[in-house]
Amino acid sequence: MKVETIKNNYEFRRLYAKGERAGSPRLVIYCRRNRLGVHRLGITVSTKLGKAVHRNKIRRRLKEIFRLNSHRLENGWDIVVVAKQMSRGSDYHELEADFLRTCGRLGLLIPDVSDEGNNR
RNA sequence: UGAGUAAGCCGGACAGCCGCGGGCACAUGCCGAAAGGCCGUGCGUGAGGAAAGUCCGGGCUCCACAGGGCAAGAAUAACGGGUAACGCCCGCCGAAGGCGACUUCAGGAAAAGUGCAACAGAGAUAUACCGCCGCGAUUUCGGAUAUAUACCAUGUCAACUUUUAUGCCCACCAUUAACAGGGCGCAGUGGUUAAUCAUAUCGUUUUCGCGGUAAGGGUGGAAAGGCAGAGGUAAGAGCCUGCCCGACGGCUGGGAACUGUCCGUCGCUGUAAACUCUAUUCGGAGCAACACCGUGGGAGAACAUAUAAGCCUGCCCGGCUGUUCUCAGGAGGUGGCUUGACUCUGCCGGCAACGGCAGAGCUAGAUAGAUGGCUGUCUAAGACAAAAUCCGGCUUACAGACUUACUCACACC
RNA sequence: GGAGAAGUACCCAAGAGGCCGAAGGGGCUCCCCUGCUAAGGGAGUAGUGCGUGUUGAGCGCAGCGAGGGUUCAAAUCCCUCCUUCUCCG
């Protein structure tokens, strides 16, 4: 399935202002319930993290993580992932672990599936 | 073998699974009157040598002028060629660097004119402060020479005489005369100058003036071509001679810049990345350009007007709310948008950059922005780095791998 | 993506080829004033990196975002980079 993305700047601003927030060494995640029945993803990678090649790589890894793990998330949320300086040198697995831990702190994971994931 | 120089090329590959953008084909399903859209399946395709910086040149679009010239402003700068064009490229010349292969150079004009050159230094675009030399004055000399003087020696006889010089003093003798000693002095001759004085000449020295000179002078980035000369001069000086360097003109060679064991003339500070002059080129802005569709709202015109209803507002006046057309347009969308000064192969021309001909091919086109994840193999996969209107260059960043040609050193044959 | 502007001390900044060995203001340090503080007055602050030298001063080189170039000489002129800021739908 296709990943719905957040495109407009005012939607990002609304999430930063009113959304729930949780952080990790590599990521900060903002989330807010929407009425569309699907989840939407927004990714922010600032210029401080590197030049265009490295920023694109981080953005694509985060998008892939979201795509592969979206079945474990509850529906109907807007999620914005902000990459921090630490995520520059980290690979896919480190980012995925951070993402799942942070989503768990926000209560976004479906409990059964997340338990399965932890046991794995 | 080692150390280099130049040019070129690559800059991960392969296999499996999941996933993304564009294209083509298909048809089950859903929406729609249709065009078509959504979802799906299959095939094929999908970032760079710099995509970067935005430093130049063009295509394209709009605005201005719709013809030419001048001025202003900007850019470029040996010469010849290439190119659509360029500040790019090739060849070649000159200069600098390197043993060499080779590299680097904004490399026109300073003798058209203007400006600037701090400090230092005698003096900075032409000088005369010191110095050297000549002339005039002044001054020093325990410098020289000559004369006079001084001193010493000799001599002081004779003759001559209008110049005191057979003169003066002392002693002796003696008051007549003769003989005869010493000293001083004069003239002449010879010598000395240790001390002193004068004059003249020469030298030397102090100061001043007039003139000559550009050899020398702790400066400076630069001091008026450089070196040598028992050439020359009062002292000097390219003033002269020989050699060297440079500029200009002629001649030779070359298509030209330029060149040379040639000839002649000359010896000019540097700076134009200061103004300037000469030659050549340039209208401005940029795909967030621009064109089209266009919601809500806005402006204008026409029609409708029931004196209907509602609202501002309780009443009067006034305004708004309707329909159609036009205008400008900012949400959003479509085009611009990828077939092009294109790529590959072969032949021909050219030293080369490049050009010509023939054949074959189509190779990203997104719009918050598509290339990611996992596993395995290749010994190892680690650099710089992501198209956004498109081309030609330049500049900057870059782990490593490879090819070709050439240079130097050493060893061997 | 495109078009521009600016970088000088801790901060704001002047300086537009030579006397710059860097003006001025704020801030900071010390002193005076006051019973104490504030305000005010005075002095200092490119003393920062290296070298040399030292009781202390001093002297030389580098240094105006970085690196090259032109010039006898560069904060200033030219080129290339870096950083920051502004504007364009």
Side-chain angles (χ1 to χ4, degrees):
Chain A
M1 68 170 269
K2 245 182 118 174
V3 174
E4 290 289 322
T5 55
I6 299 171
K7 297 182 172 61
N8 292 323
N9 194 23
Y10 67 89
E11 291 177 303
F12 278 89
R13 286 169 178 280
R14 193 171 59 200
L15 273 156
Y16 293 147
K18 301 184 175 177
E20 303 272 323
R21 183 177 65 181
S24 78
R26 298 180 179 83
L27 304 171
V28 179
I29 295 181
Y30 296 81
C31 64
R32 192 166 190 263
R33 183 171 288 279
N34 63 18
R35 297 176 187 172
L36 300 172
V38 295
H39 27 232
R40 297 193 299 172
L41 176 68
I43 299 171
T44 296
V45 185
S46 83
T47 329
K48 294 174 193 167
L49 274 90
K51 307 214 172 187
V53 172
H54 307 292
R55 280 185 280 136
N56 265 337
K57 195 132 193 170
I58 290 165
R59 185 172 55 77
R60 285 168 184 155
R61 279 174 174 163
L62 290 173
K63 194 172 171 186
E64 181 76 7
I65 288 164
F66 184 83
R67 186 181 70 81
L68 292 173
N69 291 291
S70 60
H71 62 283
R72 296 158 73 177
L73 300 175
E74 300 206 24
N75 260 340
W77 290 82
D78 284 345
I79 297 170
V80 166
V81 181
V82 179
K84 292 167 71 178
Q85 292 268 2
M86 284 280 293
S87 58
R88 263 179 103 169
S90 43
D91 62 8
Y92 175 82
H93 299 287
E94 294 168 339
L95 285 173
E96 188 179 36
D98 264 28
F99 177 79
L100 289 175
R101 202 181 314 126
T102 313
C103 284
R105 283 168 56 191
L106 284 167
L108 291 171
L109 293 178
I110 298 168
D112 301 338
V113 184
S114 70
D115 285 348
E116 261 183 38
N118 287 341
N119 292 337
R120 240 191 279 166

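Within every chain, numbering begins at 1; the chains are lettered A, B, ... in the order of the sequence lines, protein sequences first and strands thereafter. Just the heavy atoms: all of them, side chains too, but no hydrogens, waters or symmetry mates, feed the values below.
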> Reckon Arg61(A) has a side-chain N or O less than 4.0 Å from the OP1 or OP2 of G373(B)?
Replying inline: yes
>> The criterion is side chain to side chain donor-acceptor pair (under 3.5 Å); which residues satisfy it with Ser24(A), sequence neighbours excluded?
In response: Asp98(A)
>> I'd like to check the salt bridge (charged side-chain N to carboxylate O under 4.0 Å, His left out) partners of Arg59(A); sequence neighbours left out, ordered by chain and number.
In response: none
>> Going by the rule salt bridge (charged side-chain N to carboxylate O under 4.0 Å, His left out), which residues pair with Glu96(A) if we only count those two or more places apart in sequence or in a different chain?
In response: none
>> Check this for me: does any side-chain nitrogen of one of Glu64(A) and Arg67(A) sit under 4.0 Å from a carboxylate oxygen of the other?
In response: yes
> Expressed in angstrom and rounded to an integer, what is the separation of Leu62(A) atom CG from C20(B) atom P?
Replying inline: 18 Å
> What is the distance from CD1 of Ile58(A) to C1' of U371(B), rounded to the nearest Å?
Replying inline: 16 Å
Taking the [atom1] atom in each of [N] and [M], what is the distance between them to the nearest angstrom?
N	M	atom1	value
G56(C)	G41(C)	P	36 Å
G81(B)	U1(B)	C1'	45 Å
C391(B)	C248(B)	P	50 Å
U389(B)	U338(B)	P	14 Å
A3(C)	A23(C)	P	40 Å

>> Suppose we screen for side-chain contact (heavy atoms from CB on, under 4.5 Å). Which residues come up paired with Arg55(A), at least two apart in sequence or across chains?
In response: Val45(A), Thr47(A), Ala52(A)
Could you go over nucleotides 380-388 of chain B and give all protein N or O partners under 3.5 Å, atom names and distances?
from	atom 1	to	atom 2	distance (Å)
A386(B)	OP2	Ala52(A)	N	3.1
A386(B)	OP2	Val53(A)	N	3.2
A386(B)	N7	Asn56(A)	ND2	3.4
A386(B)	N6	Arg60(A)	NH1	3.2

>> Looking at Glu64(A) and G373(B), is any side-chain donor or acceptor paired with a base atom of the opposite kind under 3.5 Å?
In response: no
> Looking at residues at least two apart in the chain, or sitting in another chain, which of them share a ring pair (Phe, Tyr, Trp, His ring centres under 6.0 Å) with Phe99(A)?
Replying inline: none
>> With nearest nucleotide decided by heavy atoms, which residue, Tyr92(A) or Arg59(A), maps closer to the 5′ end of RNA chain B?
In response: Arg59(A)
